[in-house]
Amino acid sequence: MVAVTAFERADPAPEAAAAATQPVAQAPSRRRGPQLLIGLALPVALAIGWELTVRVGLAEGRLMPPPSRIFTTLYDLAVTGELWVHVGATLARVGSGFTLGVIGGTLVGALAGASRLSREILDPSLQGLRSVPSIAWVPLFILWLGIFEQSKIALIAVGCFFPIYLGVLGAIQSVDRKTVEVGRIFRLSTPQLVRRILLPAILPAYVVSLRQGLGLGWMFVVAAEFMGASEGLGYLLVDGQQLGKPAQIISAILAFAILGKLSDGLLKAATAPFLTWQDAFAPKQ
Amino acid sequence: MLVVESAEKIYPNGTRAIAGLSLEVAEGEIVAVVGGSGCGKSTLLRLVAGLDQPTRGRVRLDGETITKPHPLVGLVFQEPRLLAWLTVEQNVGFGLANRARVERQRVVSEVLERVGLDGRGHCWPRELSGGQAQRVAIARALAPHPKVLLLDEPFSAVDAFTRASLHEHLLDLWSAFRPTLVLVTHDVEEAAFLADRVLVMEPNPGRIAAQIDVDLARPRDRYGNEIEQMKRRILWALDRSLRDRSYGEHLAPAAAI
């Protein structure tokens with residue numbers, strides 16, 4: 001819940017900027033409040049319903065603990081500091097894996113987009129590798145890099161790499177020839193063409209691919225932590241399963257939801273100032 | 001003076017877009033190029049703009065052969081082609097990156113005022129109407145004060161009312177900066193209203209079929225008899241150039257039989 005409100009609060013900034021220049025478009029933002037409430041109605045009703053069912057003794061809530069028990073577990077994990085150790089470990093893995101994936105995907109994507117020859121050399125192999133389910137690399141990474149951090153980070157980096165590579169390559173290839181011609185008419189040198197036309201033109205698609213990559217990063221960190229970790233939210237999941245603590249599992253799932261949404265919101269908010277020009281960023285409905 | 005010397009352009013796919021095309025345009029002259037589709041109008045413009053190289057012949061501006069886009073030649077495309085991530089101001093100043101900031105701002109606001117868009121400098125291109133966007137595109141091409149401004153059917157995508165007002169804006173800019181204008185159009189009225197001289201082109205391969213001098217004083221009355229007469233003359237020349245072609249096309253297979 002905390003994350004949802006924090007995210008929604010971070011969101012209106014770019015919209016307010018757009019609305020300032022486009023007064024007509026204000027109507028949808030007025031609808032946000034009720035919309036949010038409607039969206040919350042179902043989960044809140046289910047939570048209250050289940051809580052009451054367990055409270056009046058209609059169900060035991062052993063396999064599916066009621067919300068109060070989940071929040072108690074989450075609270076206990078937080079005050080003992082245990083939660084933050086796990087969150088920190090997971091964040092560090094996602095952070096470093098994502099960073100590596102971004103660097104690799106961006107560089108290789110730019111190389112393949114920039115020259116036809118390198119695309120013809122690189123792309124078929126990468127497309128082939130892409131069709132390998134990333135989890136299939138796990139045994140190899142463990143053999144190569146050991147069971148500790150490196151193999152986990154490598155897995156996350158591979159997961160992030162492909163959407164970003166594809167996003168960058170696709171974005172470069174879809175830059176309009178007509179826009180490039182404007183640069184030619186004004187006699188831009190190649191570096192100027194890249195800086196003044198190509199980079200801004202591919203930025204929106206790049207941001208989308210970053211967000212996709214980050215989403216996959218969160219997926220793969222769970223897989224990575226399943227394969228043997230002593231800390232991390234994925235460890236909390238496995239631990240909860242082995243010790244029969246469903247409240248702990250759901251707490252970890254909630255933490256994943258919150259962190260995933262928060263990190264995506266941060267990425268979106270951080271890139272929004274560069275994309276105010278975009279039609280899609282104006283509130284529309 | 002802008003000179004095209006027996007230019008020929010054969011595209012890699014073998015299409016002979018223009019052949020043996022020669023043309024002289026005096027400084028400050030407004031020349032309209034009309035012709036059916038596929039007669040090489042746009043090719044001619046691309047050669048003069050330096051976007052393409054002629055296969056034979058050459059294009060010269062004041063004696064200098066044009067082989068690549070030239071700082072003194074501006075081009076307005078059929079679509080505005082504004083850069084969506086730059087404000088109106090930044091778009092207009094796009095070709096002035098090497099000038100000092102103050103100088104650039106002065107030129108930009110001067111040109112924007114000329115096209116009646118002062119005060120809209122901070123807008124994004126998406127916030128403009130089609131006619132406004134095309135005015136920004138013209139302002140962008142004119143901001144570096146080119147000697148030659150090429151226009152490739154720049155008003156074909158706007159409604160008739162907007163087109164008439166864009167004509168006024170263009171003539172106003174022309175009288176302020178006196179660039180040489182080469183305007184490709186398929187609108188005969190536009191040619192008659194704007195140009196000092198109308199070139200009628202014919203296809204396969206593209207070349208000049210007729211030249212019509214429009215020696216009418218400005219300001220011209222768009223709906224006056226003189227323009228109407230001129231339109232008829234241009235249409236007649238256009239018609240004849242196309243009919244000659246279709247005779248040829250009609251006769252060729254018959255001869256083969």
Side-chain angles (χ1 to χ4, degrees), chain A residues 13-28 116 171-172 174-208 270-285, chain B residues 42 45-53 66-99 104 119-128 133 136-138 140-144 146 148-152:
Chain A
E15 297 200 350
T21 52
Q22 243 188 348
V24 197
Q26 268 175 352
R116 194 197 171 93
I172 292 177
S174 62
V175 171
D176 195 351
R177 181 191 57 81
K178 292 176 168 180
T179 314
V180 176
E181 227 165 54
V182 172
R184 285 189 61 203
I185 270 292
F186 285 105
R187 302 173 316 285
L188 299 189
S189 63
T190 307
Q192 285 173 328
L193 194 71
V194 169
R195 186 173 56 82
R196 299 183 65 191
I197 296 203
L198 292 181
L199 284 183
I202 67 170
L203 192 61
Y206 185 54
V207 168
V208 170
T271 49
F274 303 104
L275 295 174
T276 42
W277 54 270
Q278 236 197 333
D279 261 337
F281 269 68
K284 60 177 174 190
Q285 225 150 26
Chain B
S42 292
L45 225 50
R46 291 181 67 87
L47 295 185
V48 178
L51 286 174
D52 282 333
Q53 301 302 312
I66 289 182
T67 52
K68 54 182 197 295
H70 192 280
L72 291 177
V73 181
L75 175 58
V76 177
F77 299 94
Q78 192 167 355
E79 333 71 36
R81 299 199 191 178
L82 300 182
L83 303 174
W85 52 89
L86 298 181
T87 61
V88 165
E89 248 169 19
Q90 292 167 328
N91 264 291
V92 174
F94 191 77
L96 306 171
N98 53 358
R99 312 263 183 103
R104 186 166 64 227
R120 314 250 14 215
H122 296 287
C123 290
W124 296 111
R126 65 176 153 91
E127 296 168 305
L128 303 176
V136 174
I138 294 173
R140 177 177 67 186
L142 271 176
V148 178
L149 183 63
L150 311 168
L151 303 111
D152 188 3

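First the proteins, then the strands, lettered A, B, ... as listed; each starts at 1. Fair warning: this is a prediction, and the values are worked out from it, not measured in the lab.
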- Item | Test salt bridge (Lys or Arg N to Asp or Glu O under 4.0 Å) applied to B:Asp52 - qualifying residues, sequence neighbours left out | B:Arg46

- Residues two or more places apart in sequence or in another chain: which of them pass salt bridge (Lys or Arg N to Asp or Glu O under 4.0 Å) with B:Arg104? none

- Item | Gap between atom CG of B:Leu83 and atom OG1 of A:Thr179 - 0.5 Å precision |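 The CG atom of B:Leu83 is 7.0 Å from OG1 of A:Thr179, to the nearest 0.5 Å.
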
- Item | Gap between atom CG of B:Leu86 and atom CD1 of A:Ile197 - 0.5 Å precision | 8.5 Å

- Just checking heavy atoms, which of residues 68-76 of chain B are less than 4.5 Å from chain A? B:Pro69, B:His70, B:Pro71, B:Leu75

- Query: Can you pull out the residues in residues 189-196 of chain A with any heavy atom less than 4.5 Å from chain B?
  - Reply: A:Arg196

- Decide yes or no for A:Leu275 and B:Trp85: does some side-chain heavy atom of the first lie under 4.5 Å from some side-chain heavy atom of the second?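 No; the side chains remain at least 4.5 Å from each other.
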
- Determine the minimum heavy-atom distance between B:Gly95 and A:Phe186, stating which atoms define it. CA-CD2, 3.4 Å

- Atom of A:Trp277, atom of B:Ala84 and distance for their closest heavy-atom approach: CB-O, 3.3 Å

- Message: So for A:Leu188, is it side chain, backbone, both, or neither that comes closer than 4.5 Å to the heavy atoms of chain B?
- Response: side chain

- Message: With a 4.5 angstrom heavy-atom cut-off, is it the side chain or the backbone of B:Phe77 that approaches chain A, or both, or neither?
- Response: side chain

- Item | B:Arg81 side chain to A:Val182 backbone, donor-acceptor under 3.5 Å | no

